[in-house]
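Inspection log for the structure reproduced underneath, given as structure tokens.
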Amino acid sequence: MTVETLEYTPAIAAATAPLYERVRSVIPEIEWPVYAPYIAAINALKKERNAVILAHNYQTPQIFHGVADLVGDSLALARLAAETDADVIVLCGVHFMAETAKLINPSKTVLIPDVNAGCSLAESITAADVRALRAAHPGVPVVTYVNTSAAVKAETDVCCTSGNAQKIVESLGVDRLIFIPDEYLGKHVASQTDVELILWQGHCEVHERFTGKDLRPYREQYPGIILLAHPECAQDVLREADYVGSTAGMIRYVEERQPKQVVMVTECSMSDNVAVSNPNVEFIRPCSLCPHMKMITLPKILHSLQTMTTAIAIDPAVAARARRSVERMLEMS
Ligand code: 13P
Ligand code: SF4
């Protein structure tokens with residue numbers, strides 16, 4: 001992909017000045033002339049294309065606050081994708097998120113600005129693995145985290161996200177089920193329910209870096225600090241946390257309770273994104289970047305809208321089966 005360099009003109013500076021005032025606490029002034037021309041160009045082109053930009057909470061602040069029309073966790077992005085009447089959806093997130101949007105909107109064009117933006121959880125399991133699990137546990141239903149490929153979803157009874165996993169698990173009305181692929185999320189759900197879960201050993205490469213031992217010094221250094229953790233973290237981390245929840249759950253916690261100081265034990269960019277609208281909360285940021293989420297950049301979003309690439313395409317036979325498991329999740333949550 002050739003990236004064109006756009007000029008930071010006085011007109012662009014004036015047009016983007018109010019936006020910069022909003023985000024100045026998280027974007028250094030010296031970087032704004034690089035981002036602003038792309039933000040202006042993307043916002044103009046998305047109108048022409050009748051496109052909507054959906055961005056995950058882990059996208060950089062210049063994407064999250066600069067060009068996204070709708071933002072959220074995986075569950076919210078799936079719901080928002082189901083509701084939009086735009087012709088084109090640009091999914092600023094990772095590949096499974098764009099695939100999920102396409103499953104829900106087979107007739108729309110769903111673009112991902114970098115088709116190589118993957119996910120270590122999605123890569124941890126294949127459709128053949130799920131068939132083997134079913135063969136080993138005949139008649140046991142399969143609940144699959146959305147962080148998986150469409151091929152894996154097609155082998156699934158129902159999907160879940162970190163925001164609704166416990167609810168989905170308990171709604172099936174069974175004593176035992178197969179829960180894939182995130183082992184730590186599975187263990188967390190298992191600790192909250194009487195349903196027995198057969199787990200897989202998939203992990204998020206970003207969240208598995210945190211340890212409980214690393215977090216303890218925050219409590220000593222900042223008395224009264226609140227620790228919020230994503231359930232993709234290992235159990236020793238979750239034990240240290242005051243709250244465990246999806247990215248949207250963590251944001252809700254901050255917005256509603258306005259803690260004086262907080263650590264969000266999750267991907268780095270999220271604290272920046274949330275800090276913009278919560279100026280009275282001090283965010284202490286242990287940094288763990290998702291290299292896949294960070295593959296999405298402003299120049300790639302512009303290129304994606306200019307060339308209408310890369311459009312997500314899913315084998316129709318796979319898509320029909322995968323769609324059922326996503327739609328079932330949306331109905332149940
Ligand atoms: P959320 O659904 O909580 O946003 O999580 C998605 C994800 O990829 C976390 O790593
Ligand atoms: Fe996947 Fe982890 Fe990145 Fe989320 S943060 S997209 S689970 S690798």
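Heavy atoms only: backbone and side chains are in, while hydrogens, waters and symmetry mates are out.
Transitive grouping of hydrophobic side chains (ILVMFWY, heavy atoms separated by less than 4.5 Å) keeps I168 and V244 in distinct clusters. Two different hydrophobic clusters hold L77 and M295 under the rule that ILVMFWY side chains link at heavy-atom gaps under 4.5 Å. V274 is connected to V262 through a chain of hydrophobic side-chain contacts under 4.5 Å among Ile, Leu, Val, Met, Phe, Trp and Tyr, so both are in one cluster. Under a hydrophobic clustering in which Ile, Leu, Val, Met, Phe, Trp and Tyr are joined whenever their side-chain heavy atoms come within less than 4.5 Å, directly or via other members, V281 and Y222 fall into different clusters. Cluster annotation: L19 is not connected to V71 through the hydrophobic network of ILVMFWY side chains, with a link wherever side-chain heavy atoms come within less than 4.5 Å.
Taken together, C268 and C287 meet the criterion of an SG-SG distance shorter than 2.5 Å.
Using a cutoff of 4.0 Å between basic side-chain nitrogens and carboxylate oxygens, D157 and R324 are not scored as salt-bridged. The pair D214-R209 does not count as a salt bridge, with every side-chain nitrogen at least 4.0 angstrom from each carboxylate oxygen. A salt bridge does not link E155 to R134: none of the charged nitrogens lies less than 4.0 Å from a carboxylate oxygen. Ion pairing of E21 with R24 is present here, as a side-chain N (NZ or NE/NH1/NH2) and a carboxylate O approach within less than 4.0 Å. Between E183 and K187, at least one side-chain N (NZ, or NE/NH1/NH2) sits under 4.0 Å from a carboxylate O, which counts as a salt bridge. Remark: D194 does not engage R176 in a salt bridge, criterion side-chain N to carboxylate O under 4.0 Å.
R323 contributes a side-chain N or O that, together with a main-chain N or O of L103, makes up a donor-acceptor pair within less than 3.5 Å. Side chain of W200 to main chain of S124: a donor-acceptor pair is present (N/O by atom type, distance under 3.5 Å, no hydrogens or angles). Looking only at distances, a side-chain donor or acceptor of R49 sits under 3.5 Å from a matching main-chain atom of L305. Without hydrogens or angle criteria, Y253 side chain to A248 main chain gives no donor-acceptor distance under 3.5 Å. Proximity of a side-chain donor or acceptor of D272 to a complementary backbone N or O of S269 within less than 3.5 Å is not detected. Looking only at distances, no side-chain donor or acceptor of S325 sits under 3.5 Å from a matching main-chain atom of C159.
Side-chain atoms of H292 and D114, non-hydrogen and from C-beta on, never get closer than 4.5 Å to each other. In this structure, I125 and V130 have side chains that are in contact, with non-hydrogen atoms separated by less than 4.5 Å. Residues V206 and L289 have side chains not in contact (no heavy-atom distance under 4.5 Å, counting atoms from C-beta outward). No side-chain heavy atom of S149 sits less than 4.5 Å from a side-chain heavy atom of F96. Between H56 and L91 the shortest side-chain heavy-atom distance does not fall below 4.5 Å. In this structure, the side chains of N278 and E255 come closer than 4.5 Å at one or more pairs of heavy atoms. Using a 4.5 Å heavy-atom cutoff, the side chains of L197 and V189 are in contact. Looking only at side-chain heavy atoms (C-beta outward), V254 and L228 come within less than 4.5 Å of each other.
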Stepwise side chain to side chain donor-acceptor pair (under 3.5 Å) test for T144 and T156:
CA-CA 6 Å; T144 296; T156 293; 2.7 Å; yes
Do L330 and L75 pass the side chain to side chain contact (heavy atoms under 4.5 Å, CB included) test, and can you show the C-alpha distance, the side-chain angles, and the key distance before you say yes or no?
CA-CA 8 Å; L330 293 175; L75 181 59; 4.3 Å; yes
Step-by-step side chain to side chain contact (heavy atoms under 4.5 Å, CB included) determination, I180 to Y145:
CA-CA 6 Å; I180 52 172; Y145 194 29; over 6 Å; no
What verdict does the side chain to side chain donor-acceptor pair (under 3.5 Å) test give for K46 and N43, after you've listed the backbone C-alpha separation in whole Å, the side-chain angles of each residue and the deciding distance to 0.1 Å?
CA-CA 5 Å; K46 81 181 177 196; N43 286 334; 3.0 Å; yes
Test T193 against E170 for side chain to side chain donor-acceptor pair (under 3.5 Å), laying out the working first.
CA-CA 8 Å; T193 178; E170 292 182 338; 2.9 Å; yes
Could you walk me through whether V263 and I226 pass the side chain to side chain contact (heavy atoms under 4.5 Å, CB included) test, one step at a time?
CA-CA 6 Å; V263 178; I226 296 295; over 6 Å; no
Go through it in stages, so that I can follow the logic: the residues are Q62 and I27, the test is side chain to side chain contact (heavy atoms under 4.5 Å, CB included), and I'd like the CA-CA distance, side-chain angles, deciding distance and then a yes or no.
CA-CA 8 Å; Q62 57 272 24; I27 300 182; 4.0 Å; yes
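Checked options N164, D73, T266; the residue passing with S246 is D73 (criterion: side chain to side chain donor-acceptor pair (under 3.5 Å)).
Taking the ring centroids of H207 and Y184, they lie at or beyond the 6.0 Å cut-off.
Between I42 and I53, the shortest heavy-atom distance links the atoms CG2-CD1, 3.6 Å. The shortest non-hydrogen separation linking E240 to R219 is O-NH2, 2.6 Å. Nearest heavy-atom pair across P113 and C92 is CG-SG, 4.4 Å. Looking at every heavy atom in both residues, P141 comes nearest to L172 through CB-CD1, 4.4 Å. When all heavy atoms of T60 and N273 are compared, the closest pair comes out as C-OD1, 3.9 Å. What you find for H188 and P231 is that their closest heavy atoms are CD2-CB, 3.9 Å.
Distance check: D182 CG to S162 OG gives 9.0 Å after rounding to the nearest 0.5 Å. Between the CD atom of E196 and the CZ atom of F179 there is a distance of 14.5 Å, given to the nearest 0.5 Å. Here the straight-line distance linking atom OG1 of T148 with atom CD of E123 works out to 12.0 Å at 0.5 Å rounding. To the nearest 0.5 Å, atoms CG (N50) and OG1 (T84) are separated by 7.5 Å. A distance of 13.0 Å separates SG of C290 from CE of M270, quoted to the nearest 0.5 Å. Between the CG atom in N57 and the CD1 atom in I251 there is a gap of 3.5 Å [rounded to 0.5 Å].
Environment of CD in E31: crowded, with over 12 heavy atoms of neighbouring residues, nucleotides or ligands closer than 6.0 Å. For Q258, the CD atom is densely surrounded, since the number of other residues' heavy atoms within 6.0 Å is greater than 12.
Between the side chains of K102 and T109, no donor-acceptor pair of N or O atoms lies under 3.5 Å.
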